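Contents: one structure, followed by commentary.
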Amino acid sequence: MDNHNNIHSLEMKFQSKIDAEVKIEPKDWMPEAYRKTLIRQISQHAHSEIVGMLPEGNWILRAPSLRRKVALLAKVQDEAGHGLYLYSAAETLGISREELFEQLITGKAKYSSIFNYPTLSWADIGAVGWLVDGAAIMNQVMLTRTSYGPYARAMVRICKEESFHQRQGYEILISLSRGTEEQKKMLQDAVDRWWWPALMMFGPNDSASTHSEQSLKWKIKRKSNDELRQDFIDATVLQANYLGVKLPDPNLKWNEERGHYDFGDINWEEFWAVVNGNGPCNKLRLKARKKAQEEGAWVREAAMAHAEKRAKRKAEKVA
Ligand code: BYC
């Protein structure tokens, strides 16, 4: 069999495994494009968790009570953990963590558009938990069934923690909704600013999504960007009604025939501007990550020196 036929037969076998719902594991044969797509998606996801700590970290020192501070601290710490599970999952595909960090701080890698918006008031922390974590869960519950084993398994734990994060945010908003007029205004203002960016998290419309068709075939994605966005809207409108906030979309209306909410047009120009580095906080976020990377260099060096010393001692003992 020549090389071309051999690859073709490996690809057929690979696809039949996917079709039979068998998970792909790190040492299994996989098409190069599958590996590349996964490295791209998992690393963007990991970077999102790490950069996602910044807008919320901004409020740790200003949380309005000890209880709120403890919950927010735990949440931000969880995001760091999620980043680490995801970097580990990406490493199983043959890329090093150093390379991934480098891609982030040089601006070569993407991360979720949502984290380039500022958190201006305490209500934003509630809105981020409710809407941003809510959107993230919608996407990540799907990813617990993704075809690559290490990614799917990381998602199970991440989803459990994200659902706590979402409730943490929603509870902040419930308190504000029962508060003073000023607090209610703060709540509405936060929802007005976060609603549309949260819908953009699901990515471009299916017709403009470059990777969806292949990723659906490989079951990396199990639902399309538009399907997930619709699921999110349908679930969130009811929660907004309970909170007594108005979602900032005059076209949001139940469509009996479709069995879904109709909604207005998303500003894709804004989305691409943010994705391409021109959102309100892109430069700030990268600057913060770069600073952390530089200031943490001595810790990494010390840890490596310790690890090398231990390995040397162990080798001497064996000898
Ligand atoms: N932001 O062909 P498409 C969280 C890019 S939150 C920036 O549809 P794909 C957290 C896309 O990368 C969120 N870029 O792509 C919550 C592609 O560009 P490249 C993190 C975006 O991959 C609270 C191009 O647009 N979650 O974790 O099939 C606190 C065309 O798009 C965005 C994940 O990352 C965007 N919103 O589908 C802390 C979930 N959307 O790569 C943390 C995992 C699209 O060709 N990722 N682009 O240069 C996914 O499920 C998929 O990658 C997406 C996009 C649904 C996001």
Side-chain angles (χ1 to χ4, degrees), residues 33 36-58 72 74-83 85-86 89-90 103 107-117 119 124-125 127-146 148 151-152 154-155 158-159 161-166 168-169 194 196-229 231-232 266 268 270-279 282 285:
K36 260 174 110 176
T37 298
L38 275 171
I39 291 179
R40 179 185 61 80
Q41 179 169 325
I42 300 174
S43 65
Q44 285 175 1
H45 196 164
H47 299 326
S48 302
E49 299 283 355
I50 298 300
V51 177
M53 295 162 76
L54 296 167
E56 293 181 293
N58 181 34
L72 183 58
K75 177 183 194 283
V76 173
Q77 235 168 23
D78 287 348
E79 312 296 359
H82 299 173
Y85 313 152
L86 287 164
Q103 290 176 356
K108 203 176 144 217
K110 288 196 170 73
Y111 57 86
S112 182
S113 49
I114 194 76
F115 301 116
N116 294 308
Y117 291 86
T119 42
D124 285 25
I125 297 304
V128 167
W130 174 40
L131 297 174
V132 176
D133 286 83
I137 294 171
M138 200 49 94
N139 168 282
Q140 289 171 168
V141 165
M142 162 191 85
L143 291 174
T144 60
R145 295 188 299 116
T146 193
Y148 188 57
Y151 194 21
M155 279 300 130
I158 291 180
C159 280
E161 292 174 350
E162 296 285 24
S163 81
F164 153 73
H165 298 168
Q166 192 202 14
Q168 174 265 167
W194 287 94
W196 290 105
L199 298 189
M200 292 174 195
M201 286 173 70
F202 296 96
N205 284 135
D206 293 350
S207 55
S209 161
T210 36
H211 303 291
S212 280
E213 194 186 339
Q214 185 60 65
S215 287
L216 285 164
K217 198 164 161 227
W218 279 331
K219 296 188 182 171
I220 291 175
K221 282 168 134 177
R222 319 274 320 211
K223 282 186 171 191
S224 76
N225 298 359
D226 287 332
E227 277 177 275
L228 283 173
R229 188 167 15 245
D231 288 350
F232 173 72
I266 291 175
W268 293 114
E270 173 182 326
F271 171 76
W272 288 115
V274 174
V275 170
N276 291 323
N278 300 314
N282 296 59
R285 300 292 182 242

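Note that the structure is predicted; figures quoted are calculated from it, not measured. The basis for the numbers below is simple: all heavy atoms, side chains too, and nothing from hydrogens, waters or symmetry mates. All ligand and atom numbering here is 1-based and tracks the order in the structure.
The parts of H45 lying near ligand 1 are both backbone and side chain, judged by heavy-atom distances below 4.0 Å. Neither the backbone nor the side chain of H165 comes within contact range of ligand 1; no heavy atom lies under 4.0 Å. Proximity of S215 to ligand 1, defined as any heavy-atom pair under 4.0 Å, is not found for any part of the residue. No part of V274 comes within 4.0 Å of ligand 1, judged by heavy-atom distances. At a heavy-atom distance under 4.0 Å, only side-chain atoms of N225, from C-beta outward, approach ligand 1. Under 4.0 Å from ligand 1, the heavy atoms of F202 that appear belong solely to its backbone. Of all the heavy atoms of F115, the ones lying under 4.0 Å from any atom of ligand 1 belong exclusively to the side chain.
For atom 53 (C) of ligand 1, no protein non-hydrogen atom is found at a distance below 4.0 Å.
Counting protein heavy atoms only, atom 3 (P) of ligand 1 is closest to S209 OG, 3.4 Å. Distance from atom 40 (N) of ligand 1 to its nearest protein heavy atom, with residue and atom name: G203 CA, 3.2 Å. The protein non-hydrogen atom at the shortest distance from atom 12 (O) of ligand 1 is Q44 OE1, 3.0 Å. Atom 25 (O) of ligand 1 has its closest protein heavy atom at W272 CH2, 3.6 Å. The protein heavy-atom contact nearest to atom 15 (O) of ligand 1 is H211 CD2, 3.6 Å. Shortest contact from atom 1 (N) of ligand 1 to any protein heavy atom: S113 N, 2.9 Å. For atom 47 (N) of ligand 1, the closest non-hydrogen atom on the protein side is F271 CZ, 4.2 Å.
The shortest N or O to N or O distance between T210 and ligand 1 is below 3.5 Å. Distances between N or O atoms of D133 and those of ligand 1 include no value under 3.5 Å. Taking only nitrogen or oxygen atoms, main chain and side chain alike, E79 does not reach within less than 3.5 Å of ligand 1. For ligand 1, none of its N or O atoms has an N or O atom of S48 under 3.5 Å away. By the 3.5 Å distance cut-off applied to N or O atoms, E162 is not counted among the residues near ligand 1. For ligand 1, none of its N or O atoms has an N or O atom of Y151 under 3.5 Å away. Any N or O atom pair closer than 3.5 Å counts here, and M201 shares at least one such pair with ligand 1. Annotation: K75 places no N or O atom under 3.5 Å from an N or O atom of ligand 1; distance criterion only. When only interatomic distances are considered, the shortest N/O to N/O separation between K110 and ligand 1 falls below 3.5 Å.
The backbone N or O of S224 lies less than 3.5 Å from a partner atom in the side chain of E227, making a donor-acceptor pair. In terms of modelled atom types and a separation under 3.5 Å, the side chain of R229 and the main chain of G203 share a donor-acceptor contact. Without hydrogens or angle criteria, N276 side chain to A273 main chain gives no donor-acceptor distance under 3.5 Å. The closest donor-acceptor contact from the side chain of Q77 to the backbone of A74 lies at 3.5 Å or more, if one exists at all. In this structure a side-chain-to-backbone donor-acceptor pair under 3.5 Å is missing from N225 to D206. In this structure a side-chain-to-backbone donor-acceptor pair under 3.5 Å is missing from D133 to G169. Side-chain atoms of S209 do not come within 3.5 Å of backbone N or O of N205 as any donor-acceptor pair. Between the side chain of T119 and the backbone N or O of P55, at least one donor-acceptor pair lies under 3.5 Å. Remark: side-chain polar atoms of R222 are paired, donor with acceptor, to backbone N or O of R145 under 3.5 angstrom. At least one donor-acceptor pair closer than 3.5 Å links the side chain of S48 to the backbone N or O of S112.
Not a single heavy atom of M53 sits under 4.0 Å from any atom of ligand 1. The shell of residues lying under 4.0 angstrom from ligand 1, judged by heavy atoms, includes P204. Residue contacts with ligand 1 leave out H82, since none of its heavy atoms falls under 4.0 Å from the ligand.
Ligand-side atoms of ligand 1 in range of M200: 36 (N), range being under 4.0 angstrom from any heavy atom. Remark: ligand 1 atoms within the under-4.0 Å shell around heavy atoms of N139 are 39 (C), 43 (C), 49 (C), 50 (O), 55 (C). Those atoms of ligand 1 with a heavy atom of Q140 less than 4.0 angstrom away are 27 (O).
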Item to check | Chi angles and distances behind the side-chain hydrogen bond (donor to acceptor under 3.5 Å, both in side chains) call for N116, Y111 | outcome: CA-CA 9 Å; N116 294 308; Y111 57 86; 2.6 Å; yes
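Between S215 and the choices H211, K217, E213, the side chain to side chain contact (heavy atoms under 4.5 Å, CB included) rule is met once, by H211.
Residues passing the ring-ring contact (aromatic ring centres under 6.0 Å, His included) test with F202 are F232, sequence neighbours excluded.
The residue from K221, K108, Q41 that puts a heavy atom closest to atom 9 (P) of ligand 1 is K221. Distances from atom 42 (C) of ligand 1 to the heavy atoms of R229, E49, R40 put E49 nearest.
Relative ring orientation between W268 and F271 is described as perpendicular, the plane-to-plane angle rising above 60° on a 0-90° scale split at 30° and 60°.
The two residues K110 and Q44 make their nearest non-hydrogen contact at O-CG, 3.4 Å.
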